[in-house]
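The structure under discussion appears below in the form of structure tokens.
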Amino acid sequence: MKIAMIASEVVPFAKTGGLADVTGALPLALEYCGHEIIVIMPGYKCIRDAKLKISRVSKDVTTAVIGKNIKVFFIENNDYFNRDGLYGDKNGDYPDNLERFAFFCRRALELLKEINFSADILHLHDWQASLAAAYLKNLYSSMSFYCQIKCVLTLHNLGYQGVFAKEEFPKLGFDWELFDIDGFEFYNRVNLLKGGIVFADFINTVSPTYANEIQTEKLGFGLDGLLRRRKNVLSGILNGVDYSVWDPFTDRFIMQNFSLANLEDKAWNKEDLQKICNLPQDKNIPVLGMVSRLAEQKGLDIFAQGLDELCKMNVQLVILGSGDLKYQEILKAAADKYPKNISLSLKFDDPLAHKIYAGSDIFLMPSFYEPCGLGQLISLHYGTIPLVFKTGGLADTISKNNGFVFSQYTEEGLLKLINKAILVFKNKKKWMSLVNNAMECNFSWKVSADKYIQLYVKANKK
Ligand code: ADP
């Protein structure tokens, strides 16, 4: 099958979150299964600056290769993409994001024809790419080159929909008739993700539980009614982990490589983490790691409420995060107050993330909602036990056999479970059995890729 992926971020070129991990890894797994894939993404400034092996295709398109022979195409535009951020800067989202991603989606569709890639499937990711479904169905489907293409839209997080003022709608190039309840209109504003959900042939999200949750008022972010109407074409496929990037046995960022066969070497990484984080080097103190966007979704409200109590428990918290100013400030104040307990790094730092996954004992992920979550899957592979709230992909992947799960989303619920985890940590036999179970879990992309292929086949038959 010929598959064209369209996404706004892709590892190793540009990343703000798990979306990039998925769009970087899924194509590799699909290629391994014998399919022909291309990926199209914006040619951001960071890509130009990164001195990667990139060649020019045309005046505004460059390309690089990932996997064996997957071409990633970068759509350049000085006005739209030659900026430091992907979606915004310290003042918030870029005000012209609608124009930027409308341009990107149309240019991506044009590119397919220019390079004569007659895709069977257009696989779109999130609101930034979802417009391509609407363009395909409304402006391109009458052209013979495009009429056979089927569209799959993956929803990585319903909390981000690309919503803009009604006045911006004409910039999309559609007639006003598409600005209605069965199109882009959303409480009298333009909703780009909604347009994608309406026009895609199939929709999926990144875990089975989240696929159900987004059909409820509680987690549907206003789109639950539409998703219920489209439930016949809606499914959930769990993300995998790219174990060529996330493997403690080969990880070049960590102090000492280890695997199940020489698990005792994990301890060197804990010592190293405590050292670089300026925390007392003591193997008996449990280290709780957190690598997260600092957003409400990630459970930071109950975590922040519990910080004082937590620091009385003789634990060490190693927190790496970037995001909301509000949480940066709360965490900064706590780190100043408890320097022996908290190490805080307010930035995006991939090498440090690897060190935290490897050197912590417990990985905290108390997300209020979590479409799939990669942190808990990565930490399992590093023998770092996830402690999670029972929601979405966390509920689908973590149980008492490989981690700790709380089901009451409150500060008390979280603290009670951390207390329990610390007690288990002190019982070395029980702890090692949990670590063994965790490291034996397999969330490789192969299983997920097979499910995507089934979905593409179904879409193709439609
Ligand atoms: P989301 O996509 O909602 O941010 P996921 O758990 O799906 O959450 O994926 C997050 C990914 O981003 C993981 O690979 C995680 O290690 C990484 N990550 C998150 N915050 C940081 C950070 N501050 N520095 C480095 N990596 C980070």
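Indexing begins at 1, ligand by ligand and atom by atom, following the structure's order.
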> At what distance is the nearest protein heavy atom to atom 18 (N) of ligand 1, and which residue and atom is it?
Replying inline: Val291 CG1, 3.7 Å
> Any heavy atom of Leu320 sitting closer than 4.0 Å to ligand 1?
Replying inline: yes
> Of all the non-hydrogen atoms in the protein, which one sits nearest to atom 8 (O) of ligand 1, and at what distance?
Replying inline: Lys298 NZ, 3.0 Å
>> Is there a polar contact, in the sense of an N or O pair closer than 3.5 Å, between Gly17 and ligand 1?
In response: no
> Among all protein non-hydrogen atoms, which one is nearest to atom 15 (C) of ligand 1, and what is the separation to 0.1 Å?
Replying inline: Tyr357 OH, 3.5 Å
> Quick one: do the Asn204 and Thr154 side chains pair a donor with an acceptor below 3.5 Å?
Replying inline: yes
>> Quick check: Asp21 and ligand 1, any N/O pair under 3.5 Å apart?
In response: yes
> If you measure from each non-hydrogen atom of Met365 to ligand 1, which part falls under 4.0 Å: side chain, backbone, both or neither?
Replying inline: side chain
>> Are any of the N/O atoms on Thr16, whether in the backbone or the side chain, positioned under 3.5 angstrom from an N/O atom of ligand 1?
In response: no
> Can you check whether Lys15 has an N/O within less than 3.5 Å of an N/O in ligand 1?
Replying inline: yes
> If you take all heavy atoms of Leu414 and Leu387, which pair is closest and at what distance?
Replying inline: CD1-CD2, 3.9 Å
> Considering only the protein, which heavy-atom contact is closest to atom 22 (C) of ligand 1, and what is its distance?
Replying inline: Phe348 CD1, 3.5 Å
>> To check your reading of the model: name the closest protein heavy atom to atom 4 (O) of ligand 1, its residue, and the distance in Å.
In response: Arg293 NE, 2.8 Å
>> Return the closest protein heavy atom for atom 24 (N) of ligand 1 as residue, atom name and distance.
In response: Asp349 N, 3.0 Å
>> Checking a contact table here: which protein heavy atom is nearest atom 2 (O) of ligand 1, and how many Å away?
In response: Gly18 N, 2.6 Å
>> I need the nearest protein heavy-atom contact for atom 7 (O) of ligand 1: residue, atom name and distance, please.
In response: Leu374 N, 3.4 Å
>> With a 4.0 Å cut-off on heavy atoms, is Cys372 in contact with ligand 1?
In response: no
